[in-house]
Amino acid sequence: MKRRKFLRNSSTVAAGIVSAPILASYKEMPQTEKADNAPVLPIAICTWDFGNATAKAWEVLEKGGTALDAVHQGVMVEENDINNSTVGNGGRPDRDGNVTLDACIMDKDGNCGAVLAIQNIANPISVARKVMEETPHVMLAGKGAEQFAYEQGFEKTNLLTEESKQAWEEWKKTSKYKPIINIENHDTIGMLAIDADGDIAGACTTSGMAYKMAGRVGDSPIIGAGLFVDNEVGGATATGVGEEVVRTVGSFLIVELMRQGKSPQEACEEGVKRIIAKNKDKQDFQIGFIAINKKGETGGYCIHPGFTYRTYTKEGHVNNPSDSYLKS
């Protein structure tokens, strides 16, 4: 027998001898041991107590839908809720009385799209997805984003409800501009999901700070700041005073910390501490982060008590109080 053929045949026999007991031991392994590293699937998580949004996302996931469709349809629930004055239709205007919206979305492959300071369009998250899927760009802003939306078939909508208009008229009497902690004029909804295939996606949408300067854009539509997803690692999203999240590229930072081995909770805590380190003498603002890793583990952390985040899994639908850097 030729030496090459002998070696090949010997290797095959040896592999068979070795593989049999290995396979047998695997079959005998307790289910808990085999499942230790298995992700909890599917799962949806969002900032704040937006239970209707996570319920919609879960509905998509439970039917076998993708994480991308889940986060898209989930945050749209809040965009369409005119009683939510911080997101989408009915959002509070800037100081000139114009409702301007920001949104971004990111899929499992790292594709992303965003719209900034768009007016007259009720669902900016849908436009952001069109930017991702139909253009060579990542971001469209202002009038350009609005024109693109019309070209894609979106209808022009008056986003300033009577309630928001009256609140703006009342604000103009003093014109004081100061975000109030947890009486949020910036309740951004950021959402992350893992689907049955183990793929992660994220979305973020907001009307931004009430009575902001015209043209102001926070972290919400900025990939890496308000939202970031890496399908090999996990995802993160933010809410609160966006300027401070932008300064630390907060969501990207949290995902990278998870890549280095930190849990979602540990990574969120470190993300907040980085912001605190840049604002040692100024802590009168709120920031909240949430994160999820590939295993389906979640975390949330904020500066001041009061921030919560929703999770929806097969185990239940829960509003989770977040731990905070500063205590009551």
Side-chain angles (χ1 to χ4, degrees), residues 39-47 50 52-80 87-88 101-115 121-140 145 148-149 152-154 188-206 220-238 251-252 254-255 258 264 290-296 298 309-314:
V40 179
L41 301 174
I43 181 172
I45 177 174
C46 79
T47 55
F50 291 128
N52 291 334
T54 42
K56 181 61 179 180
W58 179 256
E59 178 184 324
V60 174
L61 295 170
E62 196 173 32
K63 292 178 180 178
T66 65
L68 183 64
D69 286 340
V71 296
H72 180 185
Q73 294 187 38
V75 301
M76 274 183 63
V77 169
E78 294 307 318
E79 290 182 337
N80 293 330
V87 177
L101 306 179
D102 308 315
C104 72
I105 194 164
M106 194 167 188
D107 72 9
K108 65 183 178 67
D109 297 315
N111 299 310
C112 48
V115 290
I121 303 295
N123 294 119
I125 195 64
S126 298
V127 185
R129 184 167 179 176
K130 287 290 187 181
V131 171
M132 177 178 74
E133 295 177 342
E134 304 294 338
T135 82
H137 307 306
V138 168
M139 297 182 184
L140 292 179
F148 171 73
Q152 293 295 313
F154 291 83
T188 299
I189 178 170
M191 180 177 284
L192 305 163
I194 304 180
D195 59 32
D197 292 328
D199 292 322
I200 309 171
C204 190
T205 183
T206 188
S220 298
I222 309 299
I223 299 297
L227 173 74
F228 192 72
V229 170
D230 186 318
N231 202 40
E232 294 180 355
V233 181
T237 188
S251 293
F252 176 79
I254 288 170
V255 173
M258 289 192 292
I290 61 171
I292 190 169
N293 66 13
K294 196 70 172 175
K295 296 179 182 179
T298 64
Y309 60 97
R310 273 272 174 183
T311 54
Y312 206 143
T313 70
K314 63 182 180 181

query: Looking at side-chain heavy atoms only, is the closest gap between V77 and F50 below 4.5 Å?
result: no
- prompt: When rounded to the nearest 0.5 angstrom, what distance separates CZ in R129 from CE in M76?
  reply: 10.5 Å
message: As an exercise, state the distance from OG of S220 to CG of L101, rounded to the nearest 0.5 Å.
response: 11.0 Å
field: Derivation and outcome, side-chain contact (heavy atoms from CB on, under 4.5 Å), residues D199 and I194
entry: CA-CA 5 Å; D199 292 322; I194 304 180; over 6 Å; no
- line: Rounded to the nearest 0.5 Å, the NZ atom of K314 sits from the CG atom of L41 at a distance of 8.5 Å
- prompt: Going through the distances and angles, do V127 and Q152 end up as a side-chain contact (heavy atoms from CB on, under 4.5 Å)?
  reply: CA-CA 8 Å; V127 185; Q152 293 295 313; over 6 Å; no
- prompt: Is a side-chain N or O of Q73 found less than 3.5 angstrom from the main chain of K56, in a donor-acceptor match?
  reply: no
- prompt: Would a distance-only check, ignoring hydrogens and angles, find a side-chain to backbone donor-acceptor pair under 3.5 Å from D195 to T66?
  reply: no
- request: Without swapping roles, check the side chain of T206 against the backbone of V87 for a donor-acceptor pair under 3.5 Å.
  value: no
query: Does any pair with a residue in residues 104-114 pass side chain to side chain donor-acceptor pair (under 3.5 Å), and if so which ones, sequence neighbours excluded?
result: D107-N111
query: At their closest point, which heavy atom of V71 faces which heavy atom of A201, and how far apart are they?
result: CG1-O, 3.7 Å
query: Minimum heavy-atom separation for M139 to P221, with atom names?
result: CE-O, 3.9 Å
message: When you compare the side chain of I292 with that of I43, does any pair of heavy atoms fall below 4.5 Å?
response: yes
- line: Residues E79 and T205: closest non-hydrogen pair is OE2-OG1, 2.7 Å
- line: Closest heavy-atom pair, A114 versus C104, reported as atoms and distance to 0.1 Å, is CB-CB, 3.7 Å
- prompt: Backbone N or O of N231 within a donor-acceptor pair of the K294 side chain at under 3.5 Å?
  reply: yes
query: Aromatic rings F252 and F228: how do their planes relate, parallel, tilted or perpendicular, breaks at 30° and 60°?
result: perpendicular
field: Side chain to side chain, V229 and V255, heavy atoms closer than 4.5 Å
entry: no
- prompt: Taking C-beta and beyond as the side chain, do H72 and S126 meet within less than 4.5 Å on heavy atoms?
  reply: yes
message: Please enumerate all residues that pass side chain to side chain contact (heavy atoms under 4.5 Å, CB included) together with T311, with sequence neighbours excluded.
response: I45, T298, Y309, V318, N320
- prompt: Quick one: CD on E232 to CD1 on I200, what's the gap to the nearest 0.5 Å?
  reply: 10.0 Å
V115 and V131, any side-chain heavy atoms less than 4.5 Å apart: yes
message: What verdict does the side-chain contact (heavy atoms from CB on, under 4.5 Å) test give for L68 and I105, after you've listed the backbone C-alpha separation in whole Å, the side-chain angles of each residue and the deciding distance to 0.1 Å?
response: CA-CA 8 Å; L68 183 64; I105 194 164; 3.7 Å; yes
field: Closest heavy-atom pair and its distance - Y312, T54
entry: CD1-O, 3.6 Å
query: Just how far is it from atom NE2 of H137 to atom CE of M132, taken to the nearest 0.5 Å?
result: 15.5 Å
statement: Between the OG1 atom in T313 and the CG atom in L61, the distance rounded to the nearest 0.5 Å is 11.0 Å
message: Between K63 and W58 (side chain of the first, backbone of the second, donor and acceptor by atom type, cut-off under 3.5 Å), is there such a pair?
response: no
task: Identify the two heavy atoms, one from S251 and one from T237, that lie closest to each other, and give their separation to 0.1 Å.
output: OG-CA, 3.5 Å
